[in-house]
Undergrad: 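Below is a structure I'd like to ask you about.
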Amino acid sequence: MSLSKEAIQHIQNTSIEPEKRHIVVDERSFIIDNEGYGQEIKRQVAKGLKSHTLSALVEYIRNIDYQDEKLFLHIEDERTVALWSQFKEDGTRDLLFTSCAIVPNQNFKNFLSAEQLNIELQSKFKQNTDRDILLQVVGNIKDESVQNTSDDGVSQSVTIKQGVASVASARVPNPVTLTPYSTFQEVEQPERLFIFRMREGAKGALIDTDDNSWQLKAIQNIKEYLEWNLAEVKQPVVILG
């Protein structure tokens with residue numbers, strides 16, 4: 001007498017008692033299916049929130065209740081900070097919150113027209129002495145002055161307009177110290193060194209010296225901001241930067 005499909009299914013379902021379907025091997029949990037195969041039970045990892053400011057991150061930590069569990073703030077770089085839980089039973093962490101700074105795109109190393117460079121300097125850099133000197137040069141440079149530049153390999157002299165009809169020679173310092181917006185707005189923007197060059201066509205370029213010390217300074221500024229604003233938080237937080 002052959003068994004029906006329903007009968008076979010019934011035998012399979014009842015052959016393993018419910019309380020024996022769940023087993024633990026090497027601290028990993030499995031569920032035994034009807035065919036006797038084990039399927040690992042994986043923990044549902046929390047889906048973290050995202051923001052673009054440090055203040056939102058601080059506010060989240062001030063209001064979170066993570067059962068006295070130690071949390072970790074990882075300053076990945078000058079634009080990214082992530083909040084992680086400690087290790088769970090399965091060896092994973094929860095990514096609770098991520099803040100990514102919004103910074104303007106910089107046209108470093110690209111030669112721009114005097115007008116474009118003027119806009120870049122005013123909109124993407126904080127005011128300082130060197131920025132004001134560059135604005136004076138690029139804002140008043142004569143179109144034909146590129147034929148009359150004096151270049152000693154370090155600094156350049158260009159002819160700029162002075163008044164309605166007169167002209168004057170202006171020496172452009174090199175390198176120049178500028179402060180582009182390059183990290184979170186809540187912290188001090190680090191200064192950086194640039195080489196300023198001009199070429200025919202009244203075009204100029206700011207070339208980053210690739211000195212990465214400004215990135216370390218930005219990370220330190222972020223860490224100090226977080227330490228100050230989380231000083232009275234009861235939730236244990238370790239800041240890694």
Side-chain angles (χ1 to χ4, degrees), residues 45-64 66 71-85 93-135 138-139 175-196 203-233 235 237-241:
V45 179
K47 186 176 182 180
L49 300 178
K50 294 182 179 180
S51 177
H52 297 294
T53 65
L54 293 177
S55 57
L57 172 60
V58 168
E59 194 65 24
Y60 178 83
I61 296 175
R62 285 176 176 172
N63 290 278
I64 193 175
Y66 225 65
L71 302 180
F72 296 86
L73 267 174
H74 180 207
I75 306 173
E76 298 180 8
D77 53 39
E78 74 279 3
R79 300 182 183 183
T80 310
V81 182
L83 178 66
W84 294 88
S85 71
R93 298 179 186 268
D94 288 335
L95 177 58
L96 305 176
F97 202 101
T98 305
S99 284
C100 298
I102 298 177
V103 298
N105 294 325
Q106 266 94 13
N107 291 315
F108 300 151
K109 298 184 179 180
N110 294 325
F111 278 88
L112 306 175
S113 68
E115 182 178 359
Q116 289 176 309
L117 192 55
N118 188 300
I119 295 173
E120 290 277 318
L121 286 168
Q122 294 193 65
S123 62
K124 300 179 180 181
F125 295 80
K126 293 186 66 176
Q127 187 275 332
N128 69 2
T129 301
D130 282 358
R131 192 200 72 159
D132 292 345
I133 293 175
L134 293 183
L135 283 173
V138 301
V176 289
T177 300
L178 299 173
T179 310
Y181 295 106
S182 53
T183 185
F184 293 93
Q185 294 297 308
E186 293 97 331
V187 302
E188 181 182 356
Q189 304 296 311
E191 292 184 338
R192 299 163 63 174
L193 288 176
F194 293 87
I195 304 299
F196 177 67
K203 292 185 176 181
L206 287 168
I207 302 171
D208 197 336
T209 60
D210 292 327
D211 179 6
N212 294 329
S213 61
W214 70 268
Q215 292 175 296
L216 299 177
K217 178 60 177 176
I219 291 174
Q220 182 61 32
N221 292 344
I222 295 170
K223 185 176 182 180
E224 291 176 358
Y225 173 91
L226 295 173
E227 289 175 340
W228 174 264
N229 286 277
L230 296 174
E232 299 180 0
V233 172
Q235 182 80 44
V237 181
V238 178
I239 302 176
L240 306 173

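In this text, all values refer to a predicted model and were calculated from it rather than measured experimentally.
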Undergrad: Testing Asn110, Leu121, Leu112 one by one against Leu206 for a side chain to side chain contact (heavy atoms under 4.5 Å, CB included), which residue passes?
TA: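 Looking at Asn110, Leu121, Leu112, the match for Leu206 under the side chain to side chain contact (heavy atoms under 4.5 Å, CB included) is Leu121.
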Undergrad: Please tell me if the side chains of Val138 and Phe196 come closer than 4.5 Å, counting only heavy atoms from C-beta onward.
TA: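 Sidechains of Phe196 and Val138: in contact.
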Undergrad: Any side-chain heavy atom of Asn221 sitting closer than 4.5 Å to one from Phe184?
TA: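 The answer is no; the side chains never approach within 4.5 Å.
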Undergrad: Can you establish whether the number of heavy atoms outside Glu115 located under 6.0 Å from its atom CD is more than 12?
TA: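 No, the 6.0 Å shell around CD holds no more than 12 heavy atoms from other groups.
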Undergrad: Honestly, is Arg192 close enough over Trp214, meaning NZ or CZ under 6.0 Å from the six-membered ring centre and within 45° of the axis?
TA: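 Yes; both conditions hold, so Arg192 lies above the ring face of Trp214.
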Undergrad: With a 4.5 Å heavy-atom cut-off, do Thr129 and Ile133 have their side chains touching?
TA: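 Touching, per the 4.5 Å side-chain cut-off.
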Undergrad: Taking the side chain as every heavy atom from C-beta outward, state whether Val238 and Leu73 have any atom pair closer than 4.5 Å.
TA: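 Sidechains of Leu73 and Val238: no contact.
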Undergrad: Donor-acceptor pair, distance only, cut-off 3.5 Å: does the side chain of Gln189 make one with the backbone of Thr183?
TA: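 Yes; judged by distance alone, with no hydrogens or angles, the pair exists.
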Undergrad: Using ring pair (Phe, Tyr, Trp, His ring centres under 6.0 Å) as the criterion, list what pairs up with Tyr181, not counting sequence neighbours.
TA: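 None.
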Undergrad: Show the nearest heavy-atom pair for residues Phe72 and Ser85, with the distance to one decimal.
TA: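 Nearest heavy atoms, Phe72 then Ser85: CD1-O, 4.0 Å.
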Undergrad: Looking only at heavy atoms, what is the nearest atom pair of Cys100 and Thr80, with distance?
TA: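 In terms of heavy atoms, the two residues are closest at SG-CG2, 4.2 Å.
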Undergrad: Using the ring pair (Phe, Tyr, Trp, His ring centres under 6.0 Å) criterion, which residues pair with Phe111? Sequence neighbours excluded.
TA: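 So Phe111 forms no ring pair (Phe, Tyr, Trp, His ring centres under 6.0 Å) with any residue.
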Undergrad: Examine distances only and state if a side-chain atom of Arg131 and a backbone atom of Thr179 form a donor-acceptor pair shorter than 3.5 Å.
TA: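 A pair under 3.5 Å: no.
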